[in-house]
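Structure, as structure tokens:
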Amino acid sequence: MEQRLDPLSEAFEAFTSSLAGILGIGRLEAERLTVKPPREEYGDLGFPLMRYARRLGLDPGEVAARVSRKLEAAGVSWARVEAVGGFLNLRLDAPAAAERVFRLLEGGWAPRPPGTPEPRVVVVEHTSANPIHPLHMGHARNSALGDALARLLEARGHRVNRRFYVNDAGLQAAYVVLGFKLLGLDPREAAGRAGLKPDELVGWVYAATHTLIDAEKVRRSGAPPGELEELAASLARLREREPLPGLFDRLLEAISSMEDPEGEVAGVLRDVEFRREPTASLARRVAEAALEGIRETLARFGVSFDAWDWETDLLWSGRVARILEEARRSRYYTRHKGAEALDIPRIVRELVLPDPEARRRIRLPRGFEVPPLILVRSDGTTLYTTRDIAYTLYKYEAAGADEVINVVGAEQRLPQLQLRLALLGLGYRREALNLTHYDYEMVNLPGRRMRSRRGILVTLDEVLDEAKARAVEEVRARNPGAPREWVEEVAEKIAVGAVRFALVRTSAPRPITFDFDKVLDLRENSGPYLQYTYARTVGILAKHGPIDYRAADPGECGEPQRRGLLVESLRTGLVAAKAADDLAPEDLATHLLGLADRFNSWYQMESVIHDPSEASRECKAALVELVKRALEVGLGLLGIPLTPRM
RNA sequence: GGGCCCGUAGCUCAGCCAGGAUAGAGCGCCGGCCUCCUAAGCCGGUGGUCGGGGGUUCAAAUCCCCCCGGGCCCGCCA
């Protein structure tokens, strides 16, 4: 299928490729250095020439002339190039560009990112919350980012495979399974009886079991006084919120009469890992129940997956055992603190330091001794990272992937680094070097610190419900007499848009303080603002009726505000492409806000449907259509729902 | 003790990776705009020792070094 390029993308291609040729640099470098000029009067694309001009002894004016000739030869007649103070600036001739855009719009085209020259098969693993409690705001950031990344990469022309890893074999899962075992409850049945979402019921049992065991430990061996108070407060809160009468006391009694509560947890862990019944089946039922609730929340949030990978499947199918065998045969096999381990420091010395490519892509911190990786506990069960080695290989294999992106919190940098190094040591160089840890910082709540093992967390469901409640008020006030179902539907979209936008707009390495009032007040520079702008474009076009592109005069697009709208709408495709390449959804978010500001500004100044001149009116309508499609594409890529009216 | 991340306007953040063109938004605050396409909007004003110090460079918010403040990690947790 032939790719249809808009005038800006075509100019961008011709501009960067001719510069690459003239300066003797790579095409990619030329593309990277080409920026949006800081001031509109400079042009639509800018390139800093001074560093090359100086070195190559080139005269900027002459380079401009050469690039101009190249553009002409490439048939790009709607852009001109000039040298200004060491910069090479390209400026679209708005009327000529508009004429082409009108034809594209008529044919159903939208400003999507141009296809990548190097399509790959990419696995994006994200969210992967432990199946032991509801999704909280930290997971929500993971989902919002991971899903936006997947959408961007797909739009850029990669084949994307979205996977959720179900960590049902870890220590935390063992706590909740023990809780259900002691209570003799079936998770789904109990949730039904309590009238709760299954993940909420599971979350309560998890927090109660964990907290009671911690309290028991403290009671027996003593603990710092501060922690005692904290435990007592947590226990009181958990008791108060027990989902079914008597549950808390039953659990308390069972745990306080145990000889070695933590030993019991370890026992459950072994039973799950080695698939001993009935615990193994119970563990599955617990995880499945939690997952049912998690899936429901994710569906509401607009996030979907291609595959759900169970940690226990990796264990029970023998995949983890095979990796362990490989490790034992490896020259990097060692013992650390008496346990079976991989000699990571030696892998660094022998395989990373002498290998420049590995050095660059593994992202090894300077001067930091990475500790050995223990593979197996002394009771024979494996550790998370051991299973993750098997899982990573499985992801490559199952998807036929060239690249794997793990969306995982920044606090897991060390284990993710160890994972890459372990793969390298075991001979999986390609897999190690193409594994990206996309790390993001935490979501903080003002005044509160989330601790899911104590049941202190703000769930995504709660936040969405609150956002929706506020949106319902607003929508109702603005649309008196509107049917209730419609109000609900729109409010839900606004809620999802507000939360998702708040979570992708800030760059990942920056911690977010989730301020309810700011995110939910819906008036800030936010998702709903973009949704509102989109609804405006729809409203105008609905009143205007079908656009007569033949009657539209592209010459009307020369006026500065209109030409700005034209260029910035077109830029959406280029911005999305770069956001995909840089794994930076926030760049697209920033761009869309700028586009919306521009549109709203213009909207206030000029009327579309009341313009008496047909030539001018149709041109404006075409611009509105262009903005609408840009917002459609952009918001779609960020997973923000659209509503034609709000 | 070591490693990593963050520090830009009163607040929330772009810009830093790939050094260059008068440091940008939004919120807040002050003052305006709805007989006219949705005022969840728009216009004008206010507001900055780019955490501090040194260095590299024709040029530093951006690169390097030191320091300060905050966060995370250094576990047979993940």
Side-chain angles (χ1 to χ4, degrees), chain A residues 28-29 31-33 35 37-39 41-42 46 48-51 54 84-87 89 130 167 170-172 266 336-341 363-371 374-379 381-385 388 408-417 439 441-442 444 471 474-475 477-479 494 502 505-513 515 518-519 521-526 528-533 535-544 582 584 586-587 589-591 593-594 596-597 599-611 620-621 624 645-646:
Chain A
L28 240 108
E29 192 180 350
E31 284 187 16
R32 272 187 182 155
L33 291 172
V35 295
R39 310 178 72 80
E41 68 237 38
Y42 295 139
L49 200 59
M50 43 289 237
R51 67 179 82 182
R54 186 181 257 269
V84 181
F87 281 86
N89 293 329
N130 283 334
N167 305 130
L171 195 59
Q172 301 311 313
H336 183 66
K337 298 182 188 172
E340 293 188 86
R363 291 197 306 159
L364 193 69
R366 292 168 304 186
F368 174 63
E369 182 86 341
V370 187
I374 293 177
L375 297 165
V376 184
R377 292 188 186 92
S378 42
D379 71 354
T381 57
T382 52
L383 280 118
Y384 178 84
T385 308
D388 210 8
V408 173
E411 71 279 3
Q412 285 186 49
R413 273 179 187 148
L414 178 59
Q416 286 287 317
L417 173 64
D439 53 344
E441 275 295 341
M442 330 202 146
N444 301 304
E474 193 77 34
V475 175
R478 282 158 191 281
N479 300 274
I494 292 171
R505 68 177 305 184
T506 303
S507 60
R510 215 170 164 123
I512 292 181
T513 300
D515 184 330
K518 274 201 172 146
V519 173
D521 118 5
L522 315 178
R523 261 166 215 279
E524 218 195 315
N525 215 344
S526 62
Y529 170 70
L530 293 175
Q531 292 171 308
Y532 177 73
T533 306
R536 260 189 173 167
T537 63
V538 174
I540 293 168
L541 292 167
K543 293 213 168 145
H544 176 274
D582 293 349
E586 67 275 15
D587 291 352
T590 303
H591 169 76
L593 284 176
D597 286 345
F599 176 78
N600 285 317
S601 228
W602 176 70
Y603 165 89
Q604 214 75 26
M605 310 278 294
E606 301 199 290
S607 176
V608 175
I609 64 173
H610 298 120
D611 190 328
K620 290 179 184 172
V624 175
R645 190 181 168 79
M646 64 189 267

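We name chains A, B, ... by the order of the sequence lines, and we start the count at 1 in each one. Heavy-atom basis, side chains included; hydrogens, waters and symmetry copies ignored. Computed from a predicted structure; not experimentally measured.
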(Q) Strictly by Watson-Crick or wobble contacts shorter than 3.5 Å, is anything paired with C36(B), and which nucleotide is it? (A) none

Q. Is a donor-acceptor contact shorter than 3.5 angstrom present between the side chain of Arg645(A) and the base of U38(B)?
A. no

Q. With nearest nucleotides of RNA chain B determined for Pro38(A) and Trp602(A) from heavy-atom distances, which residue corresponds to the more 5′ nucleotide?
A. Pro38(A)

Q.
Heavy atoms only, 4.0 Å cut-off, all strands: where does Gln172(A) land among base, sugar-phosphate and nothing?
A. sugar-phosphate

Q: Any strand is fair game: report the nucleotide pairing with C11(B) by Watson-Crick or G-U wobble, both distances under 3.5 Å, or none.
A: G26(B)

Q. Which whole number of Å gives the distance between the P atom of G51(B) and that of C13(B)?
A. 15 Å

Q | For atom OH of Tyr529(A) and atom P of G26(B), their distance in whole Å | A | 8 Å

(Q) Checking the side chain of Asp388(A) only, and the main-chain atoms of Tyr384(A) only, is there a donor and an acceptor separated by less than 3.5 Å? (A) no

Q: Using the C1' atom as the reference point in each nucleotide, state the distance between C16(B) and G7(B) in Å, no decimals.
A: 13 Å

**Q.** For C77(B), the Watson-Crick or wobble partner whose two distances fall under 3.5 Å
**A.** none

Q: Choose from C5(B), A78(B), A14(B) the nucleotide whose nearest atom is closest to any side-chain atom of Ser507(A).
A: A14(B)

Q: May I ask you to say what Glu41(A) touches in the nucleic acid, namely base, sugar-phosphate or nothing, with a heavy-atom cut-off under 4.0 Å?
A: base

Q) Quick one: OG1 on Thr513(A) to CE on Met442(A), what's the gap to the nearest 0.5 Å? A) 12.0 Å

Q.
Measure CZ/Arg54(A) against C1'/G19(B) and give the value in whole Å, please.
A. 14 Å

Q. Looking across every strand, which nucleic acid part, if any, lies under 4.0 Å from Thr381(A) by heavy atom: base, sugar-phosphate, or nothing?
A. nothing

(Q) Suppose you measure atom P in C4(B) against the same atom in C58(B); what distance do you get, rounded to whole Å? (A) 30 Å

Q. Under the criteria of a ring-centre distance below 5.5 Å and an interplanar angle below 30°, is Tyr42(A) stacked with the base of A21(B)?
A. yes

Q. What's the spacing between Glu606(A) CD and Lys620(A) NZ if we round to 0.5 Å?
A. 4.5 Å

**Q.** Nucleotide nearest Lys337(A) (side chain, heavy atoms from C-beta), chosen from G75(B), C37(B), U38(B)
**A.** G75(B)

Q. Within the structure shown, what part of the strands sits under 4.0 Å from Arg366(A) by heavy-atom distance: base, sugar-phosphate, or nothing?
A. sugar-phosphate

Q | side-chain contact (heavy atoms from CB on, under 4.5 Å) partner of Gln416(A), the single match among Thr385(A), Val408(A), Asp439(A) | A | Val408(A)

(Q) Are the side chains of Arg505(A) and Leu593(A) in contact, using a 4.5 Å heavy-atom criterion? (A) yes

Q | Distance, nearest 0.5 Å, that separates CD1 of Ile609(A) from CD1 of Ile540(A) | A | 8.0 Å

(Q) Any base atoms under 4.0 Å from Asn130(A), or only sugar-phosphate, or nothing? Heavy atoms, all strands. (A) nothing

(Q) For the CD atom of Glu340(A) and the CG atom of Leu375(A), what is their distance to the nearest 0.5 Å? (A) 7.0 Å

Q) CZ of Arg413(A) versus C1' of C6(B): gap in Å, rounded? A) 10 Å

(Q) At 4.0 Å (heavy atoms only), tell me whether Ser378(A) reaches a base, stays on the sugar-phosphate, or touches nothing. (A) base

Q) What heavy-atom pair brings Thr506(A) and Glu586(A) nearest, and what distance separates the two atoms? A) C-CB, 4.3 Å

Q. Considering only C5(B), U38(B), G24(B), which nucleotide approaches the side chain of Lys543(A) most closely?
A. U38(B)

Q: Take atom P in C66(B) and the same atom in U12(B), then report the distance between them in whole Å.
A: 29 Å

Q. Of the nucleotides C73(B), G75(B), A18(B), which one has an atom closest to the side chain of Leu414(A)?
A. C73(B)

Q) Expressed in whole Å, how much space separates the P atoms belonging to G53(B) and C73(B)? A) 32 Å

Q) Distance between the C1' atoms of C50(B) and A23(B), in whole angstroms? A) 8 Å

Q: Calculate the interatomic distance between His610(A) atom NE2 and C37(B) atom P; express it in whole Å.
A: 6 Å

Q: Select one nucleotide: of G20(B), A78(B), C5(B), the one nearest the side-chain heavy atoms of Pro509(A).
A: C5(B)

Q: Take atom CZ of Arg505(A) and atom C1' of G26(B), then tell me their distance rounded to the nearest Å.
A: 7 Å

Q | Minimum-distance nucleotide (side-chain atoms of Leu33(A) versus U38(B), A18(B), G75(B)) | A | A18(B)

Q) Contact class for Val538(A) (heavy atom, under 4.0 Å): base, sugar-phosphate, or nothing? A) nothing

Q. Within the structure shown, what part of the strands sits under 4.0 Å from Asp439(A) by heavy-atom distance: base, sugar-phosphate, or nothing?
A. nothing

Q) For Pro365(A), which contact category applies under a 4.0 Å heavy-atom criterion: base, sugar-phosphate, or nothing? A) sugar-phosphate

Q) Between C17(B) atom P and Glu586(A) atom CD, what is the distance in whole Å? A) 15 Å

Q.
The test is side chain to side chain contact (heavy atoms under 4.5 Å, CB included); show your working for Val370(A) and Leu414(A) and say whether it passes.
A. CA-CA 8 Å; Val370(A) 187; Leu414(A) 178 59; 4.0 Å; yes

Q: Specify the glycosidic conformation (syn or anti) of C42(B), with syn defined as within 90° of 0.
A: anti

Q.
Is there, by distance only and without an angle test, a donor paired with an acceptor across the side chain of Asp587(A) and the base of A14(B) below 3.5 Å?
A. no

Q. Across all strands, who's sitting opposite A61(B) as a Watson-Crick or G-U wobble pair, both distances under 3.5 Å?
A. none

Q. Where the side chain of Arg510(A) is concerned, which of C6(B), A18(B), A21(B) is the nearest nucleotide?
A. C6(B)

(Q) Both Asn600(A) and Val376(A) contact RNA chain B. Which one's nearest nucleotide lies toward the 5' end? (A) Asn600(A)

Q. Is any side-chain nitrogen or oxygen of Tyr384(A) closer than 4.0 Å to OP1 or OP2 of G75(B)?
A. no

Q. Using the rule for Phe, Tyr, His and the six-membered ring of Trp, do Phe87(A) and A21(B) stack at under 5.5 Å and under 30°?
A. yes

Q: Assign Leu383(A) to base, sugar-phosphate, or nothing according to its heavy-atom contacts below 4.0 angstrom with the strands shown.
A: sugar-phosphate

(Q) Considering every strand and a 4.0 Å limit on heavy-atom distances, what is the contact class for Met605(A): base, sugar-phosphate, or nothing? (A) nothing

(Q) From CE of Met442(A) over to P of C73(B), roughly how many Å is that when rounded to an integer? (A) 6 Å

**Q.** P spacing across the pair A18(B) / C65(B), given as an integer number of angstrom
**A.** 14 Å

Q. Honestly, is Arg536(A) close enough over Phe599(A), meaning NZ or CZ under 6.0 Å from the six-membered ring centre and within 45° of the axis?
A. no

(Q) Checking contacts here: which listed nucleotide (C5(B), A14(B), G41(B)) is nearest the side-chain heavy atoms of Gln604(A)? (A) G41(B)

Q | Whole angstrom value for the distance that separates P of C76(B) from NE2 of His336(A) | A | 7 Å

Q: Just call it for Ser601(A): base, sugar-phosphate, or nothing, with non-hydrogen atoms closer than 4.0 Å on any strand.
A: sugar-phosphate

Q: Could you check whether Glu606(A) gets within reach of a base, just the sugar-phosphate, or nothing at all, counting any heavy atom under 4.0 Å?
A: base

**Q.** P spacing across the pair A21(B) / G15(B), given as an integer number of angstrom
**A.** 16 Å

